[in-house]
Asks: 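Pasting a structure below so you can have a look.
Note that ligands are numbered from 1 as they come in the structure, with each ligand's atoms numbered from 1 the same way. Here the structure is a predicted model, which means the values were calculated and not measured.
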Amino acid sequence: MKAKTGLTRFHNCYILRESQIIKEDLLIREGKIVSPEEVFYVEQVEPDETIDCDNLLIAPGFIDIQINGGWGVDFSYDSESVKEGVNKVAKELLSHGVTSFCPTMVTSEKEKYSKILPKIQKTQGSKDGATVLGVHLEGPFISLAKKGAHSPELIKNPEKGIDSILEVYGTLDNVVIVTIAPELPGALKAIKSLTEMGIKVALGHTEASLAQSEEGVKHGANLITHLFNAMLPFHHRDPGLVGLLASSTEKQVYYGIISDGIHTHPAALRIACRTNPEGLVLVSDAVAAQGLPNGTFRIGPQTVSVENGWAYVAGTKTLCGSTMALDQCIKTFKKATDCSLEYSLEAASLHPAKALGIDDSKGKLNFGYDADFVFLHSKTLKVMSTWIAGECVYKAP
Ligand code: ZN
């Protein structure tokens, strides 16, 4: 019997690589994508298995950097069972092609952070669920005037910089993104300290002028939270946070955008992707109602009422996140903007990987990268199967 080489070849497939869809075999070994030249010519080994992909498209696994919950689970609410809740959502996300995500907590009471944050550990994905990259904390260091669905009585200023942040959150061990309004007292100091700790800072829920937003970027912020939502609308004399898309700051700023057909008008999506194509990151901002029919749910301390896919703070017309998973957001985005398929897929894989600084291992199908990918029907974009570290973790029935 021939010795096993651990090599798997995907044959008869189209793969998305370097912004192009090409017909090429994909080879994986030990959870990574490997170069055919390396294995066939240098090592001269044969695959253990060749899988006929029937002309499906292979895209890098989707990465959702803002997701509050789904399937009845709200990451900010039930502190006792949050671990099980994260696991449940992680598992469900596999059928949507999401291979990595950042569980997101909205403005909550101090006790919630101390109970919940230690329980959401970074975990490598598997058959049990998508990779948990770390937590995204949205609030309470945001503007009262742009609170959206956040509880006003819990909103705070980071007056003492990082000390105020630590006072509220307790630990930042499992945190990868913090959303802050840069105009608040102490915010710039806090942004600088967080960035120095390796945590990404997103600007959002803010009344910041463009100058204040640029200060935020100078102090280390590299992201905008759900562009257009919960910030000043574009004004030509002071374009505010939105103006960062075309500002002269040297650094690439990434911006999350919710393309669920509700939060952002198709024309606004087109303005964003034409102004700053590199920075566009599709996020679901999904709430507990994701994957479930109409009903009443939670987002942190608030009650959410969902009618026909629109999620509102109960009794108001304030939107509080989407009910749509990222695979659906990609389709909505592509249709609304007429952007290429390649671009639309990279906006949910490569761009979020770059925003988080993990694009040396995720977000691409290049050699040496993690074998996290999704098989899609090339016309309908239906998720046919999902793979993490070279293992098939979901197969469409
Ligand atoms: Zn928000």
Asks: Do NZ/NE/NH1/NH2 and the carboxylate oxygens of D370 and K362 come within less than 4.0 Å?
Replies: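 Salt bridge present between D370 and K362.
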Asks: Please name all residues satisfying ring-ring contact (aromatic ring centres under 6.0 Å, His included) with Y113, sequence neighbours left out, ordered by chain then number.
Replies: Y169
Asks: Flag the pair Q212 / E207 as yes when at least one side-chain heavy-atom distance between them is below 4.5 Å, and no otherwise.
Replies: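 They are not in contact (no side-chain heavy atoms under 4.5 Å apart), so the answer is no.
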Asks: So which protein N/O/S atoms does the Zn ion (ligand 1) have within less than 2.8 Å?
Replies: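 The answer is E138 OE2, H205 NE2, H226 NE2.
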Asks: Hey, is R29 close enough to E43 for a salt bridge, meaning N to O under 4.0 Å?
Replies: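 Salt bridge: yes.
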Asks: Is K88 salt-bridged to E84, going by a charged N under 4.0 Å from an acidic O?
Replies: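 Judged by the 4.0 Å cut-off on N to carboxylate O distance, K88 and E84 do not form a salt bridge.
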Asks: What class does the angle between the rings of H226 and H205 fall in, given that below 30° is parallel, 30 to 60° is tilted and above 60° is perpendicular?
Replies: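 Plane angle over 60°, so perpendicular.
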